[in-house]
Amino acid sequence: MGTKLLLLALLPVGVLLTLTIVSAAGQWREAARLRAFDRSAQVSFAAGALADAIAQERLASMLDELRPGPDAEQNLADARRATTAALKEAGRRADEEGRFGDRMDEIGRDLAELRRGHDNESVTVEHVAARFGAVVLDVVELVVAVEAREPSAFSRSVADAHLSMIQATEAAGAERSELVILFARPKNTPSPTAARWPALEGARLDTFRRVASGPLKSRLEEVLARPESVFVRQVRDQLAAGDSWRYPTVERWAEASSTRMDALRSVTRAAEGELRASAAEGVRAAETRAWRDLVLFLILLAVVTGVALALRRSIGRPLAEVAKGAEALAAGDLAYDIRHRGRDEIGTVAESFRELRATVERLTAEVRTMTDAVDADRLDHRAESGEFEGIWAQLLDGLNGTMISFANLRGRHKEAEREVENLFTLSADLLCIADLEGWFRRVNPAFEEVLGHSPEVLLGRPFMDLVHEEDRERTRAALSQLGDGQEVFRFENRYLRADGTYCWLQWNARPIPEKGLIHAAARDVTERRRVQSEQNALRRVATLVAQGVPPERLFGEVAREVGRLLETPSAAVVQYGADGRVSTVGDAGAAPRAPHEQPAVTEVAQTGRPVHTGGATGVPIVVDGRLWGAVIAAAPGGQELPPGTEKRLAAFTELIVSAIANADSRAQLAASRARVVAASDASRRRIERDLHDGVQQRLVSLQLELRTAEALAPDGCDELLDRLAHMGRGLQDAFDELQRLSRGIHPAILSKGGLGPALRALARRSPVPVELDLRIPRARLSEPVEVAAYYVVSEALANTAKHARANVVNVQVTCEDEAVELVIADDGVGGAEPARGSGLIGLADRVEAIGGTLHVNSRLGNGTSLLVRLPAPRAQEEERA
C-alpha cells in the first residue's frame, strides 16, 4: 500500500522531471552546436584573410612580371611574407578545429609550386593570374565548406552576408588582374573575359544586400560611393562600350582597384564581427536557458525529496520491519519477531508472517529428524505429513518419496560396488589405484600373476623401485603429466618380475586431481615387443643382404643383432673348415670362450641340426647341401636361454645362406666380366699387332716398288706416270685408313704415352670442342684402368658427336684416394637411356669388370653427364699432371 502511494506521488513529478531534463539537454546541445559553429567561424575568418593575402600576392607577382624593378621585387617579397603568415594562421585554426587540414596542406603545396614557376620565369603573366585565381577559389570554397554548419537563423544570414562579400571581393580581384594585363599590353579590342567579373561581383553584392543587416548595407553603399569605386565603374563602362579611349596606366588601375578592394574587405571584416557576435550571443542564450532548466530541475527534486520523506515516516517504517522479518525468514532465521501490530493491511501482513514462522519451525523440526535418520542409516523413517496442510504437506510427502528413492539407490550402489569388485578381481589386465606420490593404493590379482610379487610387496614399497633403471626418467615424466591433470595412453615401461627378469607393460592412466589418485590399467606386451624386435632385426639384416654388403660385415651385423635380440653379449657366427677347424667370422663383441670350446658348436658339427644345450644354442648354416657354419648364442652369467631360441635363430641363418649365395654369384659374375674384358683387350692388341707387322708392312713395300717403277719409266710416258702416281695416292690412302683403324682397335699412344696423351689425342680428333681438366699422376696407372678410362671417354665423345647436338664437352679426370674419377658432361639435348641398348651398357660392363661404378644423368634439355669411378691403388706418392 505504501509503495502504491509513493508511486502515485512520484508519477507526475517524474514526468515533469523528465520533460525538464530533456529540455535542459536540448539547450546544452544547442549551446554545444553554436560553440562548434563559432570555432568553425574562426577557421572561416582565417581562410578569408588568406584569400585576401593571396590576392595581394597575385597583384605583386603580376606587376613583377610586367614592371620588373627593385620596388616590384620588394612589394612581392612583402606580399609573400603576408601570405605565408596568413597560411600558417589558417592551418593552425584548421588543426584546432580538427578538419580541413588536408585542404590547407594542398593549398600550401599549390602556392609553393606557383611561386617556384614564377621564380624560374617558366610561366607567363596570364598563367600567374589564372593559377593564383584558382588558388583563391580553392580558399573561397574552403570558406563555403567551413560555414556549411547550421547556426541560428540570425547567424545564418550573417554568415551568408560574410560569404557573399568574400566572393564579391574575389571577383573584383580577378577583374583587377585581367585589366592589369590588358592595360600593360594595350590592344585594339577589350579583354574577352574581364567583362564577366563585374556581373559576378554585382550578383554577390545583391545577395549581400538581401541578407545583410542595415549597418552593413549602409557601409557597403558608402564604399561604393567613394572616388576609387567611381573610377572603377567608369573604366568598366568604357570597356563595355568599346569606344576608342586611352587606357589608364597599370599603376593607376592597380592603385584604384586595390583601394576599392580594401574598402570592400573592411565591409567583410565588419560582417565577420557581426557573425562572431551573433554566435557568441547564441551560445550565451542557450547556456542561460540550460541553467534555468537545471535550477527548475533542482527545485522539483527538492520537492520530491520532501514528499518521499513524509511518506517514509507514515508508511515506510512498518513496511521495513515486515520486509526485514521476511528476509530473516527466507534466510532461515526464525528468531526474528515482527512487533508491529495494527488493523491496516500492514498489520495483517505482519500477523501472516508470524504464523508462517511457526509453521516453518515445525517443518524444520521434521526435516532435521529425517536428516538424522539418514545419517543413522534408518532409511525406513517417514515424516508425519498429516499435521500440515497444503504445500507443506506436499513438501513432506516429497521428502518421504526422496527417502524411498535414496533407499533404493543405496541398494543399487552396493550392487554396483560388488560388480566393480568382481571386474577388478577377475580382469586379466593389471588394474590399480595409485597416488601421485608414487605408491600403489590397491592392485588386482593380475599383478601377482604377471609380476610374481605379492600384494604386500607391491603396496609396501614405491612402485618406482620396480621400474627398470633405463625407464625411470620417462616414468617420472608420465607421473608429472598425470599430476598436471593430463591423461596418459599407451605408455610403455619395464617392470621387475619376482624371478629377476623384466616384462614390458603398456599403461593407460587417468588422474583424479581432487583426490590425488590415479586410476590405471596395464597390459603385458612383452611378447609383442619381442616379436617386433625380432622382425626389426631381421629387416635390418635383410636390407644389408639386399644391398650386397661384404660377407664379413654381414656376419658381424648378424652376431650383433642376435646379441641385442637375446640380450646377451655372447653371440657369434662360426665357419667349419675342411680340416675340421672352427673359425669365428662375426661376433657380438663379448664371447666368454673360443667358439670351438662351446659344446653347441661341436654338437651342431656332429649332428647338422639345431641344438639347445644348457646356456647355449646353436643353429647350422647349410649352403648348397653342405654344412658351412653355425650361429651360436650363449646366455650371460651361466643363465639359460628361453626355450624356442633356436627357432628364432633359424631366420637369421636363412639370410646368411642367401648372402653367401649372392656373394658367390657376384664374385663369379665379376670374374666372368674381367675375363671377357681381358680377352677383348688381348684380341684388340693381337689384331693391332697383326695389322702393323703384316698388312701395313706389305703396303709400305708396295709403295717403295711403285716409286722404283716411276723412276724406271722412260721419258715421254706421261700417261703411264700419271697412272703410277694415281696408284701411289691410292696406296697411301689405304695405308692411312688402315693406320686409323689400327689406332681405333688399340691406340699406340695409350700404350706408349699413357692416359693423359691418349685423352689429349681424342680431344683433338673430336668433332665437338672438348675442354680437358686432367689431374692424374705422371706415373703410369695399371693397364686395365687406363684402357677402361680411355674407352669410356672415347665412347662418350662418339655418342656426343652422333646424338647430343652439343656445343662443348667437359672432361675431368682426377686421381684421389686410390681411385680414378672421370666426369664427362655436355650441354646437348640429353635423354640418353642405357636401358635402350646404347653403347653405355658396354661401358658399364667394362667399368664394373674391374670393380668400378658408372652413373648416367641425362634429362631432356639438360645435357648428359657420366660419373665413372675406377679403383686404382698406388704404392707410392704421385705427382699431379
**Student:** Taking all non-hydrogen atoms of both residues into account, name the closest pair between Asn810 and Glu771 and its distance.
**Tutor:**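 Result for this residue pair: OD1-OE1, 2.8 Å.
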
**Student:** Please report the C-alpha distance between Glu821 and Gln812 in whole Å, then the side-chain angles of each, then the deciding distance to 0.1 Å, and finally whether the side-chain contact (heavy atoms from CB on, under 4.5 Å) criterion is met.
**Tutor:** CA-CA 8 Å; Glu821 288 190 356; Gln812 180 181 351; over 6 Å; no

**Student:** Tell me whether Ser766 contacts the main-chain N or O of Leu762 through its side chain, where contact means a donor paired with an acceptor under 3.5 Å.
**Tutor:**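 The answer is no, because no donor-acceptor pair under 3.5 Å joins these two groups.
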
**Student:** Would you sort out whether Asn493 and Leu505 count as a side-chain contact (heavy atoms from CB on, under 4.5 Å), showing the intermediate values?
**Tutor:** CA-CA 6 Å; Asn493 60 3; Leu505 299 180; 4.3 Å; yes

**Student:** Can you tell me how far CD1 of Ile776 sits from OG1 of Thr814, rounded to the nearest 0.5 angstrom?
**Tutor:** 10.0 Å

**Student:** Using 0.5 Å steps for rounding, measure from the CG atom of Asn508 to the CG atom of Asp429.
**Tutor:** 9.5 Å

**Student:** Give me the atom names and distance for the closest heavy-atom approach of Pro777 to Cys815.
**Tutor:** CD-CB, 3.7 Å

**Student:** Output the distance between atom CZ (Arg494) and atom OG1 (Thr475), rounded to the nearest 0.5 Å.
**Tutor:**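 Reported to 0.5 Å precision, the distance equals 10.0 Å.
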
**Student:** Using modelled atom types and a 3.5 Å cut-off, is there a donor and acceptor pairing between side-chain atoms of Asp524 and backbone atoms of Thr526?
**Tutor:** yes

**Student:** Side-chain contact test, heavy atoms from C-beta onward, threshold under 4.5 Å: evaluate it for Pro620 versus Pro610 and give yes or no.
**Tutor:** yes

**Student:** Please name the pair of heavy atoms, one in Val768 and one in Ala801, separated by the smallest distance, quoted to 0.1 Å.
**Tutor:** CG2-CA, 4.0 Å

**Student:** Which distance, rounded to the nearest 0.5 Å, do you find between the CG of Asp826 and the OG1 of Thr864?
**Tutor:**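 The OG1 atom of Thr864 is 5.0 Å from CG of Asp826, to the nearest 0.5 Å.
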
**Student:** Assess whether atom CZ of Arg472 is packed by more than 12 heavy atoms of other residues, nucleotides or ligands within 6.0 Å.
**Tutor:** yes

**Student:** Taking all heavy atoms of Pro757 and all of Gly754, pick out the closest pair and write down the distance.
**Tutor:**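 The answer is CD-O, 3.6 Å.
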
**Student:** Quick one: CZ on Arg760 to CG on Leu774, what's the gap to the nearest 0.5 Å?
**Tutor:**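 Interatomic distance, Arg760 CZ to Leu774 CG, rounded to 0.5 Å: 5.0 Å.
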
**Student:** Could you pull out the closest heavy-atom pair between Val585 and Trp628, with the gap in Å?
**Tutor:**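 The pair with the smallest heavy-atom distance is CG2-CH2, 4.2 Å.
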
**Student:** State whether the number of non-hydrogen atoms from other residues, nucleotides or ligands found under 6.0 Å of Glu469 atom CD is greater than 12.
**Tutor:**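 No.
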
**Student:** Phe491 and side chain to side chain contact (heavy atoms under 4.5 Å, CB included): which partner among Arg474, Gln506, Gln481?
**Tutor:** Arg474

**Student:** Measuring from atom CZ of Arg780 to atom CD of Glu786, what distance do you get when rounded to the nearest 0.5 angstrom?
**Tutor:** 4.0 Å

**Student:** Given Leu870 and Leu822, is the side-chain contact (heavy atoms from CB on, under 4.5 Å) satisfied, shown in steps?
**Tutor:** CA-CA 8 Å; Leu870 303 173; Leu822 292 85; 4.1 Å; yes

**Student:** With a cut-off of 6.0 Å (strictly less than), are more than 12 heavy atoms of other residues, nucleotides or ligands near CZ of Arg528?
**Tutor:** yes

**Student:** Which pair of heavy atoms, one from Ala572 and one from Thr584, lies closest together, and at what distance?
**Tutor:**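 In this case the closest contact between Ala572 and Thr584 is CB-CG2, 4.2 Å.
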
**Student:** For Ile621 and Val573, what are the C-alpha separation, side-chain angles and deciding distance, and is it a side-chain contact (heavy atoms from CB on, under 4.5 Å)?
**Tutor:** CA-CA 9 Å; Ile621 302 174; Val573 178; 4.1 Å; yes

